[in-house]
2 protein chains.
Amino acid sequence: MKHNIAIVGATGLVGQMVIKILEERGMSDNNFFFYSSGKSNTVILNGKEREVLPLTKKILKIKKLEFALFCTGEEVSKEYVKKLAKKGVIVIDFSSYYRKEYPLIIPEINLDQAKGNILCNPNCSTTAAVMALHSIHKMFGLKRIVYSTYQAVSGAGKAGLEDLQIDNVNNLKKFDSVIKNNIIPYIGEIDKDGYSHEENKMVFETKKILNDDKINITATCVRVPIENCHSISINFQTRAQATIAEIEEVLKKTEGVKVLNKPNCFPMPIDASGGDDVLVGRIRKDLSAINSFNMFVVSDNLRKGAAQNGVQILEGLIKKK
Amino acid sequence: MKHNIAIVGATGLVGQMVIKILEERGMSDNNFFFYSSGKSNTVILNGKEREVLPLTKKILKIKKLEFALFCTGEEVSKEYVKKLAKKGVIVIDFSSYYRKEYPLIIPEINLDQAKGNILCNPNCSTTAAVMALHSIHKMFGLKRIVYSTYQAVSGAGKAGLEDLQIDNVNNLKKFDSVIKNNIIPYIGEIDKDGYSHEENKMVFETKKILNDDKINITATCVRVPIENCHSISINFQTRAQATIAEIEEVLKKTEGVKVLNKPNCFPMPIDASGGDDVLVGRIRKDLSAINSFNMFVVSDNLRKGAAQNGVQILEGLIKKK
């Protein structure tokens with residue numbers, strides 16, 4: 001049975017990756033409707049050129065549309081997501097616009113919470129971190145988390161990738177500071193407490209996905225000059241005692257996680273890029289604090305951090321039907 | 001009065017920076033003896049070409065040698081430093097070889113401890129971190145520190161800089177993994193607990209320079225693909241209560257520290273490179289833990305992290321004489 005699925009933002013970095021992953025997972029024979037916020041365009045699906053329409057209110061009139069994946073920013077989601085949902089379409093929204101109100105889904109963790117017509121794909125760094133943390137939380141309970149991120153420019157879309165080659169601040173398309181040969185220690189707007197939007201997302205979304213408000217979380221989010229994959233240095237404290245062997249065992253059993261935890265074997269962007277797994281390593285007992293640990297997590301931000309997770313949600317919903 | 005000073009490792013990245021900083025600080029008219037571990041070579045001092053001798057035991061026979069700066073690795077220091085010190089030469093050692101036994105000096109913090117003939121220049125990341133932490137420690141007392149670093153390839157010398165351009169792992173000169181467009185989440189050998197040499201240095205040296213064994217410290221050290229400047233995401237807890245305004249006030253009064261702590265004003269490698277100051281910003285109350293804070297520190301690892309600090313030690317000792 002073929003499903004009617006709209007892909008909005010089909011020509012962007014994440015939209016393109018959604019199409020690739022639909023093909024990889026054998027889901028590309030459904031009926032697709034492609035949209036982008038720009039001019040008319042085309043995408044390639046199953047080796048064939050397909051038309052991409054400019055996004056207008058006509059999307060609301062597609063007959064028997066079942067699913068819509070919004071691989072777009074907050075503004076586009078704000079305008080269309082609720083209207084489509086009211087018409088009975090199940091929308092998987094990649095933007096952060098509805099994440100406070102609606103379910104935030106990582107299929108390996110909480111597909112059972114995917115109810116209603118608006119489902120949100122979590123923030124890219126949060127997804128990587130929580131993929132590595134959720135089974136530790138289930139087994140030992142998380143008390144505290146300190147995140148420091150190393151985020152690739154692909155997280156800022158095609159313009160971000162282009163900026164990686166640019167030396168002159170006046171020629172930048174996406175960033176406010178040169179990212180080539182530099183590090184930018186903030187992502188998104190800064191709030192009254194000095195926290196960036198990305199940091200606030202990581203704190204809020206981690207608690208929401210782990211369904212535990214009592215975890216004490218703080219984050220520092222940093223852009224680094226690499227094309228793809230987000231890395232996260234995580235210091236965490238558990239409620240119950242745990243050994244490194246137990247932590248490693250739990251992670252090895254976690255679906256979607258690959259443990260690389262030997263002296264000559266570490267998670268690196270170069271190895272995570274293009275892969276489905278979240279890589280976890282450098283797992284160490286924090287010798288300075290009780291029940292505390294350090295670990296390093298790397299994940300493809302365009303795949304598990306965005307497109308792959310969204311397609312997995314779609315896949316899960318189709319299986320449920 | 002002219003002093004007799006040997007510069008060992010004069011042709012390396014740090015040695016070259018030592019010469020530059022001696023000129024900048026008006027100290028380049030002393031009598032210098034240049035050595036490198038390689039073949040004969042030359043360096044430029046005050047616009048004139050000067051001979052660099054291959055390092056041999058002849059260095060022990062220089063008459064009235066007062067100071068020697070060892071801008072070299074542990075092996076070279078192991079062979080020569082104690083022998084020179086026994087002959088009455090004051091050695092400023094940039095390697096980590098003697099840091100456990102002998103004073104570890106950052107002139108702004110503990111020049112008063114610069115006694116004896118072997119003085120050590122601390123680790124590059126540690127220097128940046130401690131420059132930002134020492135006056136906070138003095139005022140409020142540090143209870144706990146969690147470091148995550150973002151370290152430039154220049155910390156691995158000229159070969160490290162060359163590796164930044166190399167795509168093929170087989171052509172690398174310094175690193176075991178490609179660093180171009182990648183992140184390498186370890187620096188130095190890994191110990192039985194899973195900690196890297198660099199992480200252990202940061203923990204040990206922070207306690208030693210702050211002269212307080214009771215501070216609980218943990219570190220994750222990561223190499224990032226930028227040429228120059230080390231950055232550190234620091235989460236810290238104070239013993240006494242402090243406000244952001246008080247922390248900022250203390251940092252503004254700290255010699256060698258520049259506070260960049262506004263929503264549109266952050267410390268970045270691009271701004272720290274080539275400068276004397278350690279840049280500190282993103283100072284935030286950690287809303288998840290009592291008396292806890294986050295901040296981001298950036299420093300030129302070749303300057304304050306190495307050459308500049310070593311020359312400042314020399315300068316301090318000459319003034320004392």
Side-chain angles (χ1 to χ4, degrees), chain A residues 144-150 152 164 176-178 180-186 189-191 193-196 199 203 215-220 222 224-229 231 233-235 244 261-264 266-271 281-289 292 294-296 298, chain B residues 144-150 152 164 176-178 180-186 189-191 193-196 199 203 215-220 222 224-229 231 233-235 244 261-264 266-271 281-289 292 294-296 298:
Chain A
R144 179 149 202 254
I145 304 169
V146 179
Y147 290 135
S148 290
T149 72
Y150 304 68
L164 188 54
D176 293 326
S177 304
V178 166
K180 182 180 176 184
N181 203 21
N182 194 27
I183 280 170
I184 305 176
Y186 77 102
E189 273 180 39
I190 303 292
D191 73 8
D193 295 317
Y195 284 89
S196 70
E199 288 158 357
V203 172
I215 311 170
N216 297 307
I217 309 174
T218 193
T220 298
V222 179
V224 295
I226 67 169
E227 285 175 17
N228 200 38
C229 290
S231 304
S233 167
I234 307 180
N235 179 271
I244 290 294
N261 195 41
K262 288 179 181 167
N264 57 351
F266 311 93
M268 295 192 291
I270 213 169
D271 296 322
R282 297 296 326 273
I283 308 167
R284 292 153 287 158
K285 181 90 193 70
D286 173 349
L287 305 168
S288 76
S292 294
N294 291 301
M295 68 182 178
F296 200 77
V298 186
Chain B
R144 180 149 201 255
I145 304 169
V146 180
Y147 291 135
S148 289
T149 71
Y150 304 68
L164 187 55
D176 293 326
S177 304
V178 167
K180 183 181 175 182
N181 204 20
N182 194 28
I183 279 169
I184 306 176
Y186 79 101
E189 274 181 39
I190 302 291
D191 72 10
D193 295 317
Y195 284 89
S196 70
E199 287 157 358
V203 172
I215 311 169
N216 297 307
I217 310 174
T218 192
T220 297
V222 179
V224 295
I226 66 168
E227 286 176 18
N228 199 39
C229 290
S231 304
S233 166
I234 308 181
N235 179 271
I244 290 294
N261 195 41
K262 288 180 181 167
N264 57 351
F266 312 91
M268 294 193 292
I270 213 171
D271 296 321
R282 297 296 327 274
I283 308 167
R284 292 152 287 158
K285 180 89 194 70
D286 174 349
L287 304 169
S288 75
S292 293
N294 291 301
M295 68 182 178
F296 200 76
V298 186

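Naming convention: chains lettered A, B, ... in sequence-line order (proteins, then strands); numbering from 1 in each chain.
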Next item on the list: Answer yes or no: is there a donor N or O on one side and an acceptor on the other, between the side chain of Asn181(A) and the main chain of Glu227(B), under 3.5 Å?
Entry: yes

Next item on the list: Check Ala219(A) against Arg284(B) and note the closest heavy-atom contact, atom names and distance.
Entry: O-NH1, 3.0 Å

Next item on the list: Over all heavy atoms of both residues, which pair between Tyr150(B) and Ile183(A) is shortest? Give the atoms and the distance, please.
Entry: CB-CD1, 3.5 Å

Next item on the list: Taking all heavy atoms of Asn182(B) and all of Ile270(A), pick out the closest pair and write down the distance.
Entry: OD1-N, 2.9 Å

Margin query: Could you measure the distance from the OG atom of Ser177(A) to the CG atom of Asn264(B)? Nearest 0.5 Å is fine.
Written below: 10.0 Å

Check: In terms of side-chain heavy atoms, does Asn235(B) have a donor or acceptor partner in Thr218(A) at a distance below 3.5 Å?
Finding: no

Checklist line | Interface moiety of Ile190(A) toward chain B, non-hydrogen atoms closer than 4.5 Å | finding: side chain

Margin query: Check whether Arg282(A) reaches the backbone of Pro185(B) with its side chain - one donor and one acceptor, N or O, closer than 3.5 Å.
Written below: yes

Next item on the list: Check whether Ser148(A) gets within reach of chain B through its side chain, its backbone, both or neither, counting any heavy atom under 4.5 Å.
Entry: both

Notebook entry, point to check: Can you name the nearest heavy-atom pair linking Phe296(A) to Val222(B), along with the distance?
Noted result: CE1-CG2, 3.7 Å

Next item on the list: Measure across Tyr195(A) and Asn294(B) and return the closest heavy-atom pair with its distance rounded to 0.1 Å.
Entry: OH-ND2, 3.0 Å

